[in-house]
Amino acid sequence: MNIREIKSGILYAGVNDRVTDRFEALWPLPYGVSYNSYIVKGAEKTALIDTVEVGTVLDYLKAIRELIGHEGIDYVVVNHMEPDHSGSIPLILSYFPKARIVGNRQTLGMVKGFYGVEENRLMEITDGSTLDLGGKTLKFYLTPMVHWPETMMTYVEEDKVLFSGDAFGCFGALNGGVVDTEMETGWYRDEMYRYYSNIVGKYGKFVARAFDKLRGLEIDYICSTHGPVWHEKIGEVTRLYYDLSQYKSEPGVTIIYGTMYGNTAEVAEEIARKLCERGVKNIKIHNASKSGMSYMISDAFRYEGLIVGSATYSMHILPPVEQFMIAMETREIKNKVLATFGSFTWASAAGAKLNEYAAKMNIEVVDSLVMKQSLSETTHSEIDRLVDNFVSALQLK
């Protein structure tokens with residue numbers, strides 16, 4: 001437990017998980033993850049903002065009872081119903097018998113569906129409604145599909161504190177500090193790219209709508225459900241999330257390839273060398289059979305150029321590369337400069353199928369090449385052409 005006061009009457013009460021190997025059973029957690037929960041104490045009532053993953057709940061409950069004493073919890077505000085934040089609800093309600101769940105209509109339906117909570121323990125709010133705790137007013141902003149249909153944010157008007165749910169969150173446990181002013185936050189940037197692209201990536205237009213709704217709101221602290229509490233770096237963090245919601249990218253190129261015996265890999269390596277010769281400095285190369293999907297998705301979102309290649313495998317794309325293209329299609333990735341390359345021994349298919357995925361995503365392929373068997377003078381010439389066209393497209397972006 002890492003408990004501390006953020007502002008007078010507003011406390012952080014989250015937990016670190018350094019045990020779980022994969023978030024949502026999919027995404028690697030090399031640095032762990034935090035489940036952030038908060039307490040808002042008014043003069044008359046006390047609210048708990050979000051809870052924690054059920055496997056971490058015992059220490060969490062003990063610490064809350066020590067903090068609250070006999071005052072108890074009056075309200076449990078649920079900004080997001082995903083079980084890593086709501087899984088503790090049944091125990092919270094048993095520990096604090098007068099507590100009521102506060103959420104929107106979608107939230108309360110899920111609370112009943114997941115946990116069988118009785119109607120008299122539920123309190124429905126609507127977009128823009130408020131809840132007075134006594135000197136601290138909670139205002140609720142519905143932000144659907146960031147990234148579930150019930151997601152919302154809660155704002156403490158007197159303190160200018162925004163409890164943002166998963167928005168502005170990132171992977172990575174908290175190492176002693178809680179607020180960004182207490183720690184070196186540079187490494188969280190990579191984990192924020194990975195978190196957004198892996199978890200939220202499909203829902204950019206809904207993230208953009210949330211920004212529109214919050215525009216003009218004075219915010220001194222952003223309290224997300226994962227990662228640091230943002231204070232000093234609010235501008236940097238919100239700018240990154242906004243750019244991602246607009247599918248804006250950083251300068252650089254991601255190369256994803258799938259190879260069985262090394263010939264397709266040679267094409268990828270030569271493309272990278274030629275890009276470097278033409279002044280591209282930030283190049284990320286992933287062998288799809290070895291790199292984790294989480295990291296390939298993150299780099300594809302992060303950098304403006306994407307080059308994907310595959311050997312032909314039973315008249316299809318090599319499966320790890322196809323899974324990557326499915327992930328791109330699922331996330332509705334946009335605004336990429338894209339090129340493709342394929343290889344084959346006796347019958348060509350991979351290159352054409354990669355271009356079919358691009359067409360389904362409505363992304364223009366600036367150039368494409370297909371290599372038969374191994375590198376030849378013709379292939380070297382085609383790589384030069386592809387790289388020239390690709391760099392020209394990057395410069396025009």
Side-chain angles (χ1 to χ4, degrees), residues 1-15 35-52 57 60-82 84-108 110-111 115 117-118 120-143 150-167 178 217 219-226 229:
M1 289 296 298
N2 193 347
I3 296 176
R4 56 149 297 175
E5 191 170 66
I6 299 169
K7 273 194 163 186
S8 178
I10 300 178
L11 299 95
Y12 174 89
V15 298
Y35 308 117
N36 299 340
S37 177
Y38 306 90
I39 296 168
V40 181
K41 298 175 68 174
E44 300 167 9
K45 302 287 185 179
T46 298
L48 185 65
I49 313 290
D50 293 308
T51 70
V52 298
V57 72
Y60 170 75
L61 285 169
K62 179 182 175 183
I64 288 175
R65 294 191 81 171
E66 289 174 356
L67 279 170
I68 300 300
H70 297 295
E71 300 169 27
I73 297 291
D74 298 287
Y75 304 109
V76 180
V77 176
V78 181
N79 284 320
H80 182 26
M81 266 298 297
E82 204 164 2
D84 56 327
H85 307 300
S86 70
S88 300
I89 283 176
L91 278 170
I92 291 287
L93 293 181
S94 67
Y95 267 61
F96 302 104
K98 68 175 182 177
R100 299 178 69 192
I101 300 294
V102 177
N104 59 68
R105 181 177 56 83
Q106 293 262 23
T107 300
L108 300 187
M110 292 183 184
V111 168
Y115 308 119
V117 177
E118 302 92 341
N120 66 338
R121 304 291 300 269
L122 306 177
M123 178 178 176
E124 183 176 343
I125 57 85
T126 56
D127 193 26
S129 64
T130 59
L131 179 60
D132 184 10
L133 304 180
K136 292 193 184 295
T137 307
L138 306 183
K139 187 169 184 177
F140 305 103
Y141 293 87
L142 271 58
T143 54
E150 88 304 347
T151 52
M152 68 181 198
M153 300 184 189
T154 301
Y155 180 65
V156 183
E157 293 183 324
E158 293 81 359
D159 295 289
K160 303 176 185 175
V161 173
L162 179 69
F163 300 99
S164 62
D166 276 355
V178 169
L217 205 62
I219 301 173
D220 198 22
Y221 288 86
I222 292 179
C223 299
S224 174
T225 46
H226 297 293
V229 170

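Side chains included, hydrogens not; waters and symmetry mates left out as well; all remaining heavy atoms used.
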Donor-acceptor contact present, side-chain Arg100 to main-chain Leu122, <3.5 Å: yes

Gly9 backbone acceptor or donor facing Glu5 side chain under 3.5 Å: yes

Sidechain-backbone polar pair: Tyr95 side chain, Lys62 backbone, donor-acceptor under 3.5 Å: no

Residues forming a side chain to side chain donor-acceptor pair (under 3.5 Å) with Ser37, sequence neighbours excluded: Tyr60

Carboxylate-amine/guanidinium proximity below 4.0 Å for Asp74 and Lys98: yes

Straight-line distance of Met153 CE to Phe140 CZ, nearest 0.5 Å: 14.0 Å

Gap separating the CE atom of Met81 from the CD1 atom of Ile89, nearest 0.5 angstrom: 5.0 Å

Inter-residue atom distance Met110.CE - Ile101.CD1, 0.5 Å rounding: 14.5 Å

Minimum heavy-atom distance Val229-Cys223, with the two atoms named: CG1-SG, 3.9 Å

Glu150 side-chain N/O to Asn104 backbone N/O, donor-acceptor pair under 3.5 Å: no

Side-chain donor/acceptor of Tyr38 to backbone N/O of Ser224, under 3.5 Å: yes

Side chain Thr151, main chain Thr143, donor-acceptor under 3.5 Å: yes

Distance in Å, Glu118 CD paired with Asn120 CG, rounded so as to fall on 0.5 Å steps: 6.0 Å

Pairs satisfying side chain to side chain donor-acceptor pair (under 3.5 Å), at least one member in residues 122-133, at least two apart: Asp127-Lys213

Donor-acceptor under 3.5 Å (Arg121 side chain, Leu93 main chain): yes

Tyr221: ring pair (Phe, Tyr, Trp, His ring centres under 6.0 Å) partners, not counting sequence neighbours: His231

Separation of Ile10 CD1 from Ile39 CD1 (nearest 0.5 Å): 11.5 Å

Minimum heavy-atom distance Ala47-Leu138, with the two atoms named: CB-CD1, 4.0 Å

Leu11 to Lys41 - nearest heavy-atom pair and separation: CD1-CD, 3.9 Å

Reported CD1-to-OH distance for the pair Ile125 and Tyr141, which is rounded to 0.5 angstrom: 12.0 Å

Whether Lys7 side chain and Asp159 backbone form a donor-acceptor pair below 3.5 Å: yes

Residue of the set Asn36, Asp166, Asp50 for which side chain to side chain donor-acceptor pair (under 3.5 Å) holds with Thr225: Asp166

Closest non-hydrogen atom pair, Leu91 against Ser94: O-OG, 2.7 Å

Parallel, tilted or perpendicular, as decided by the 30° and 60° cut-offs, for the rings of His80 and His85: tilted

